[in-house]
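What follows is a single structure, written as structure tokens, with notes after it.
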Amino acid sequence: MPFEKPFRFLRGFFCLSLLLICQRTLAESPGTGEKTERIIIVMGAEGTSEYGRQFADWAERWLQLAADKQAAVTLIGDSLDARYSDLELVLHELNQQTEHTATWLILMGHGTFDGKTARFNLRGPDLTAEALRNTCASIQHPLAVINCFSSSAPFLESLSAKNRVVITATKTGHEFYFSHFGNFLSAAAGDKQSDLDHDGQISLLEAYLAASRQTAEYYLEKGELATEHALLDDNADQQGTRGDQFQGLYLTAGSDKTAATLPDGHRAHQFILSTTQRLTLVSGEQKLLRDELEIKILELKQRKGSFANQDEYYDQLEPLMIQLANVYRSLDQKAKRTIYDSQVVPINAKKTSQ
């Protein structure tokens with residue numbers, strides 16, 4: 001058909017135009033009555049007062065970020081509760097049925113691994129990877145678990161699942177020396193220098209990459225062999241990706257990832273830690289819809305080569321792009337001021353946003 005190629009070009013141009021329109025930066029800022037995120041910060045057993053002071057500093061940074069995000073926040077491990085152990089408090093908090101749009105679980109402290117069982121050290125009974133996996137199974141909304149402690153790698157394999165971001169401070173359970181990664185991550189989360197794509201907001205992926213780089217530099221400056229290598233998993237393949245495997249925000253060519261699986265990093269880039277400038281508002285529910293559509297589009301693009309022809313590919317892409325454009329359109333309309341002035345429009349005219 002003589003019009004087949006021009007038509008195919010126009011379909012591709014249409015989808016590309018929608019994609020460019022939808023690249024506008026939006027940050028979370030919940031209004032009255034809107035759902036928010038929740039952040040659970042856990043300070044593990046300190047061991048010594050020196051470590052205790054470090055963990056307190058890290059926790060303070062996360063608390064400030066939570067306040068800036070207007071998120072619901074819970075801090076465990078800073079004070080004693082004679083009625084419950086820290087383990088019971090953590091599991092109880094995670095088991096709460098909430099209407100939050102996302103959960104962040106941040107574990108800071110020491111960890112151990114005996115070759116079979118990985119543990120996060122708490123005052124009293126420790127938290128095992130298996131216990132945390134079983135407890136998190138009931139959480140259906142997006143979940144980020146940030147393990148800032150030694151020997152934490154086995155937690156990644158246990159917790160890796162769809163709609164989750166899992167970060168560990170080490171790449172194996174046998175990296176058992178004290179981990180400095182948590183210090184660099186908590187600092188990078190609010191540092192505007194972490195904003196790699198200069199979109200005015202710092203994502204969990206960007207903070208992870210900055211902290212991984214700074215951790216490596218820490219050992220290099222001390223002239224010591226690095227005893228920790230952080231991993232990030234957000235595609236549920238239980239493998240994880242090191243920070244040095246990224247170039248910018250994307251995995252470098254040759255990284256050991258299968259074409260059938262979306263590479264690590266995309267889901268983590270949707271978790272926003274902080275903003276560096278004033279941005280257009282987006283509600284929690286709108287953000288959930290936008291994030292899910294973006295992941296579906298990326299997964300579809302990942303499978304583009306498997307389609308019999310381009311028309312079949314665009315038949316699936318167009319509806320997703322239109323839905324995403326509608327999300328942004330609704331945000332634009334919400335941001336417009338309502339004009340209701342008798343000298344501008346008649347007094348009995350219907351209120352509009354135009």
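As the structure is a prediction and not an experimental result, all values here were calculated from the model.
Counting heavy atoms from C-beta on, the side chains of Phe113 and Glu175 never come closer than 4.5 Å. No side-chain heavy atom of Ser186 sits less than 4.5 Å from a side-chain heavy atom of Met108. The side-chain heavy atoms of Cys148 and Leu185, taken from C-beta on, include a pair separated by under 4.5 Å. Proximity of Gln239 to Asp264: side-chain heavy atoms (C-beta onward) are nowhere separated by under 4.5 Å.
The minimum heavy-atom distance linking Val327 with Leu289 is given by the pair CG2-CD2, 3.6 Å. Annotation for Gln238 and Ser160: closest pair N-OG, 3.2 Å, computed over non-hydrogen atoms. Between Pro154 and Gly173, the closest heavy-atom pair is CD-CA, 3.7 Å. The minimum heavy-atom distance linking Ser138 with Asn95 is given by the pair OG-OD1, 4.3 Å. Of all heavy-atom pairs spanning Arg242 and Gln245, the tightest one is N-OE1, 2.8 Å. Considering every non-hydrogen atom in both Ala161 and Ala236, the closest pair reads C-CB, 3.5 Å.
A donor-acceptor contact shorter than 3.5 Å links the side chain of Lys287 to the backbone of Gln270. Between the side chain of Lys69 and the backbone N or O of Ile272 there is at least one donor-acceptor pair closer than 3.5 Å. Put simply, the side chain of Ser158 never gets that close to the backbone of Arg133: no donor and acceptor are under 3.5 Å apart. Glu206 contributes a side-chain N or O that, together with a main-chain N or O of Leu196, makes up a donor-acceptor pair within less than 3.5 Å. Here the side chain of Asp234 pairs a donor or acceptor atom with the backbone of Ala268 at under 3.5 angstrom. Of the possible donor and acceptor atoms, one in the side chain of Glu228 sits under 3.5 Å from a partner among the backbone N and O of His180. The backbone N or O of Thr36 sits less than 3.5 Å from a side-chain atom of His100, completing a donor-acceptor pair. Between the side chain of Gln201 and the backbone N or O of Thr275 there is no donor-acceptor pair closer than 3.5 Å. With Asp191 contributing its side chain and Ser194 its backbone, the two residues share no donor-acceptor pair below 3.5 Å. Using a distance-only test at 3.5 Å, with no hydrogens or angles considered, no donor-acceptor pair links the side chain of Gln54 to the main chain of Asn183.
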Q: Evaluate the criterion side-chain contact (heavy atoms from CB on, under 4.5 Å) for residue pair Thr112 and Ser151; output intermediate values, then yes/no.
A: CA-CA 5 Å; Thr112 58; Ser151 301; 5.6 Å; no
Q: Quick one: do Ile322 and Asn326 satisfy side-chain contact (heavy atoms from CB on, under 4.5 Å)? Show the steps, please.
A: CA-CA 6 Å; Ile322 291 172; Asn326 286 335; 3.8 Å; yes
Q: Please lay out, stage by stage, how Glu37 and Thr101 fare under the test side-chain contact (heavy atoms from CB on, under 4.5 Å).
A: CA-CA 5 Å; Glu37 299 178 351; Thr101 57; 3.6 Å; yes
(Q) Walk me through whether Gln302 and Leu298 qualify under side-chain contact (heavy atoms from CB on, under 4.5 Å). (A) CA-CA 6 Å; Gln302 186 80 1; Leu298 289 168; over 6 Å; no
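Evaluation of the side-chain contact (heavy atoms from CB on, under 4.5 Å) rule for Phe307 yields Leu300, Arg303, Glu312, Tyr313, Gln316 as partners, not counting sequence neighbours. Taking the side-chain hydrogen bond (donor to acceptor under 3.5 Å, both in side chains) definition, one finds that Asp195 meets it with nothing, sequence neighbours left out. Residues satisfying the side-chain contact (heavy atoms from CB on, under 4.5 Å) test with Ala144, not counting sequence neighbours, are Trp104, Val165, Leu204, Phe271. Residues that satisfy the side-chain hydrogen bond (donor to acceptor under 3.5 Å, both in side chains) test with His110, not counting sequence neighbours, are absent from this structure. Take Glu60 and apply the side-chain contact (heavy atoms from CB on, under 4.5 Å) test, not counting sequence neighbours, and it matches Leu63. With sequence neighbours excluded, the residues forming a side-chain hydrogen bond (donor to acceptor under 3.5 Å, both in side chains) with Thr74 are Glu93, listed by chain and number. Checked against salt bridge (Lys or Arg N to Asp or Glu O under 4.0 Å), Asp78 has no partners two or more places apart in sequence or in another chain. Shown here are the side-chain hydrogen bond (donor to acceptor under 3.5 Å, both in side chains) partners of His174, two or more places apart in sequence or in another chain: there are none.
Residue pairs meeting the salt bridge (charged side-chain N to carboxylate O under 4.0 Å, His left out) criterion with at least one member in residues 134-151, sequence neighbours excluded, do not occur.
Checked by atom type, the side-chain pair His269/Ser203 shows a donor-acceptor distance below 3.5 Å. Of the N and O atoms on the side chains of Asn163 and Arg267, at least one donor lies less than 3.5 Å from an acceptor on the other residue. Ser152 and Asn147 share no donor-acceptor pair across their side chains, judged by distance under 3.5 Å alone.
Counting Ile, Leu, Val, Met, Phe, Trp and Tyr side chains that sit under 4.5 Å apart, directly or through other members, Leu156 shares a hydrophobic cluster with Ile40, Val42, Ile76, Tyr84, Leu87, Leu89, Val90, Leu91, Leu94, Leu105, Leu107, Phe120, Leu122, Leu127, Leu132, Ile139, Leu143, Val145, Phe149, Phe155, Leu159, Val166, Leu231. Tyr219 belongs to a hydrophobic cluster with Phe184, Tyr218, counting contacts under 4.5 Å between side-chain heavy atoms of Ile, Leu, Val, Met, Phe, Trp and Tyr, direct or through other members. By the 4.5 Å side-chain criterion applied to Ile, Leu, Val, Met, Phe, Trp and Tyr, Tyr177 is assigned to a cluster that also includes Phe176.
The neighbour count for Gln323 CD, taken as heavy atoms of other residues, nucleotides or ligands under 6.0 Å away, is above 12.
Ring geometry for Trp58 against Phe55 counts as perpendicular: the plane angle is over 60°, on a 0 to 90° scale with 30° as the lower cut.
Rounding to the nearest 0.5 angstrom, the gap separating the CD atom in Glu292 from the CD1 atom in Ile297 is 10.5 Å.
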